[in-house]
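Since we're looking at a predicted model, the values are computed, not measured. Order of the sequence lines sets the chain letters (A, B, ...), proteins ahead of strands, with each chain counted from 1.
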Protein chains: 2
Amino acid sequence: MTENSNSKFAILGMLGIRPMSGYEIKKSIERSIGFFWSESFGQIYPVLKQLVAEGLANAQNGDESRDSRRKVYEISTQGEKALREWLAFSARTNLIRSEALLKIFFGGQADPETTRKHIERELTECRRKLVAVNKVEQALAQRSAGRQTENDFHHGLTVAYGKKMLIALIDWCETSLRLCSWREAVGASKEELL
Amino acid sequence: MTENSNSKFAILGMLGIRPMSGYEIKKSIERSIGFFWSESFGQIYPVLKQLVAEGLANAQNGDESRDSRRKVYEISTQGEKALREWLAFSARTNLIRSEALLKIFFGGQADPETTRKHIERELTECRRKLVAVNKVEQALAQRSAGRQTENDFHHGLTVAYGKKMLIALIDWCETSLRLCSWREAVGASKEELL
DNA sequence: AGCACCATGTAAGTGGTTACATGATTCC
DNA sequence: GGAATCATGTAACCACTTACATGGTGCT
């Protein structure tokens, strides 16, 4: 842990939207920012404890009529300040590591079908995700019809981001598959000529 | 270490392109797949040792006329087989975590300038990267003029991917900045009306 | 009664970076 | 002779995931 700024502020940021339990934080992250962020329970619960210890959040535990173990965490004034400071700080350029792209890059060292399969899998995945993002987009539009909150506006920006990336990715997959086919056809005819 | 499949095969894949030293692997990764992959020396050297121990690569050390410590590693027949097997295996959907997007998502909890700054920084970064990708694209086109190797073809696919993503990202940044401006203008006029 | 989901937490392991230590070679 | 780059390696640390343990609550 020590100075695990990312998870810490991701969780604090979620509490900034509304008070939540650890379990809710997980679900909420999955639904809203799952496209580019994730947190595991193994991270969430210790961080929540840490946030309380640092005075950045308060725990209100023991809501009757529900599971008595359930604890709802709320961001504190200090927490809001800490979050704002972190938000103002320039984001580190994060190291993305795409296993799929790596396998496509090395595709020359496998048979041509391998690359094709990776791209097809990617394409299927993207189309599935696009459907999900469209649903989120619709839900957001409906919720913020009339007056759009600050949070809704910013959520909308990230949804637009996801959508744009997915559309571009789908386009790349389709183009790449055509290139693969074309290359295979040329390769085949070359062999015939020998 | 144990079963660090990703780094292991990223490095083995580089050796599959041509024999290299640890240092060259690092540079080569940065130049060709730096857009979506990275390896640190702290990872490369132990993995190279491991690859030799497992019989997936051979070390030819002690080239006179150059630094005598320099060791060039070469993929073995067994290594090629292991690489092909790994390549054929479906890629896990990797967890991307974008700190910048996270900060934009939480932007409603900071002043509007914060979000704007993050997007502007992103835009600058993307434009810079696009220039770099274009250079790689040109170099690749020149190198593979006439006959294009399998490796060149697959490298081209990943470069096209990078380019497409960057163009989409730049577009998103520009649109988002306009949305921010528009929202700020509306917000200001609202306050004037109060 | 049983399943799905809500709910919290810990321990072990993983996959990786960063910082450090050390030094050779090349080019100006 | 000094800077840049080539070159290899280790140790400490870090953030995070996975698997495990445990059990409540609500619906059918």
Side-chain angles (χ1 to χ4, degrees), chain A residues 1-12 19-31 34 36-53 57 59-73 86 92-99 102, chain B residues 1-12 19-31 34 36-53 57 59-73 86 92-99 102:
Chain A
M1 217 180 294
T2 327
E3 195 42 40
N4 51 355
S5 49
N6 273 351
S7 289
K8 183 173 154 183
F9 289 106
I11 291 164
L12 193 58
M20 281 183 238
S21 70
Y23 190 86
E24 279 179 293
I25 288 170
K26 180 99 189 326
K27 297 293 138 187
S28 200
I29 286 176
E30 276 167 16
R31 265 185 282 110
F36 62 88
W37 202 265
S38 67
E39 291 294 343
S40 62
F41 286 126
Q43 195 80 340
I44 291 171
Y45 291 113
V47 165
L48 282 172
K49 207 176 252 182
Q50 193 197 338
L51 288 174
V52 172
Q60 330 157 326
N61 57 328
D63 178 355
E64 287 92 84
S65 82
R66 285 183 86 161
D67 195 328
S68 64
R69 291 167 308 173
R70 186 180 139 98
K71 275 178 251 175
V72 175
Y73 294 84
W86 177 77
R92 295 177 304 175
T93 48
N94 46 295
L95 318 164
I96 29 150
R97 294 179 122 219
S98 166
E99 196 182 317
L102 193 63
Chain B
M1 219 181 291
T2 327
E3 195 43 40
N4 50 354
S5 50
N6 273 352
S7 290
K8 183 173 155 182
F9 288 105
I11 291 164
L12 193 58
M20 282 183 237
S21 69
Y23 190 86
E24 278 178 292
I25 288 170
K26 179 97 188 327
K27 296 292 138 188
S28 201
I29 284 176
E30 277 166 17
R31 266 184 282 111
F36 61 87
W37 203 266
S38 67
E39 291 295 342
S40 61
F41 286 127
Q43 196 80 339
I44 291 171
Y45 290 113
V47 166
L48 282 172
K49 207 175 253 183
Q50 193 198 338
L51 287 175
V52 173
Q60 329 157 328
N61 58 328
D63 179 355
E64 287 91 86
S65 83
R66 285 183 86 160
D67 196 327
S68 63
R69 289 166 308 173
R70 184 181 141 97
K71 274 178 252 176
V72 174
Y73 293 85
W86 177 77
R92 294 177 304 174
T93 47
N94 45 294
L95 318 165
I96 30 154
R97 292 180 126 219
S98 166
E99 196 181 317
L102 193 64

Legend entry - Below 4.0 Å: OP1/OP2 of dT17(D) and any side-chain N or O of Ser38(A): yes
Inset, instruction - Could you tell me the separation between the CD1 atom of Ile44(B) and the C1' atom of dT10(D), rounded to a whole number of Å? - result: 15 Å
Legend entry - Whole-Å gap separating P (dG15(C)) and CD (Glu39(B)): 12 Å
Legend entry - Spacing between Lys8(B) atom NZ and dT14(C) atom C1', to the nearest angstrom: 14 Å
Legend entry - Residues Glu39(A) and Arg97(B) bridged, charged N to O under 4.0 Å: yes
Inset, instruction - Would you kindly check if the NZ (Lys) or CZ (Arg) of Lys27(B) is within the cone defined by 45 degrees around the ring axis of Tyr23(B) and under 6.0 Å from the six-membered ring centre? - result: yes
Produce the list of close N/O pairs, under 3.5 Å, pairing protein atoms with atoms of nucleotides 18-22 of chain C; give distances to one decimal.
none

Legend entry - Glu24(B) side chain to Ser21(B) backbone, donor-acceptor under 3.5 Å: yes
Legend entry - Among dT8(D), dC16(D), dT17(D), the one nearest Ser21(B) by side-chain distance: dT8(D)
Inset, instruction - Measure from CE on Met20(A) to P on dC6(C) and round the result to the nearest Å. - result: 15 Å
Inset, instruction - Tell me which of Glu24(B) and Arg97(B) sits closer to the 5' end of DNA chain D, going by the nucleotide each one is nearest to. - result: Glu24(B)
Inset, instruction - Calculate the interatomic distance between Ile25(A) atom CD1 and dC16(D) atom P; express it in whole Å. - result: 15 Å
Legend entry - Between dG9(C) (C1') and Gln50(A) (CD): distance, integer Å: 16 Å
Legend entry - Side chain Gln50(B), main chain Val47(B), donor-acceptor under 3.5 Å: no
Inset, instruction - Taking only the side-chain nitrogens and oxygens of Lys26(A), find out if one of them lies under 4.0 Å from OP1 or OP2 of dT8(C). - result: no
Inset, instruction - Report yes if a side-chain nitrogen or oxygen of Lys71(A) is closer than 4.0 Å to either non-bridging phosphate oxygen (OP1 or OP2) of dG9(C); otherwise report no. - result: yes
Inset, instruction - Measure from OH on Tyr45(B) to P on dA7(D) and round the result to the nearest Å. - result: 8 Å
Legend entry - Presence of Lys49(A) side-chain N/O under 4.0 Å of dT10(C) phosphate oxygens OP1/OP2: yes
Inset, instruction - Indicate yes or no: at least one non-hydrogen side-chain atom of Met20(A) is less than 4.5 angstrom from one of Val72(A). - result: no
Inset, instruction - Hey, could you give me the CD1/CG distance between Ile25(A) and Leu48(A), rounded to the nearest 0.5 Å? - result: 4.5 Å
Inset, instruction - Output the distance between atom CH2 (Trp86(A)) and atom NZ (Lys8(A)), rounded to the nearest 0.5 Å. - result: 11.0 Å
Legend entry - Length of the line joining Glu30(B):CD and dA7(D):C1', which is rounded to integer Å: 14 Å
Legend entry - Which nucleotide in dC5(C), dG9(D), dC6(D) has an atom nearest any side-chain atom of Tyr23(A): dC5(C)
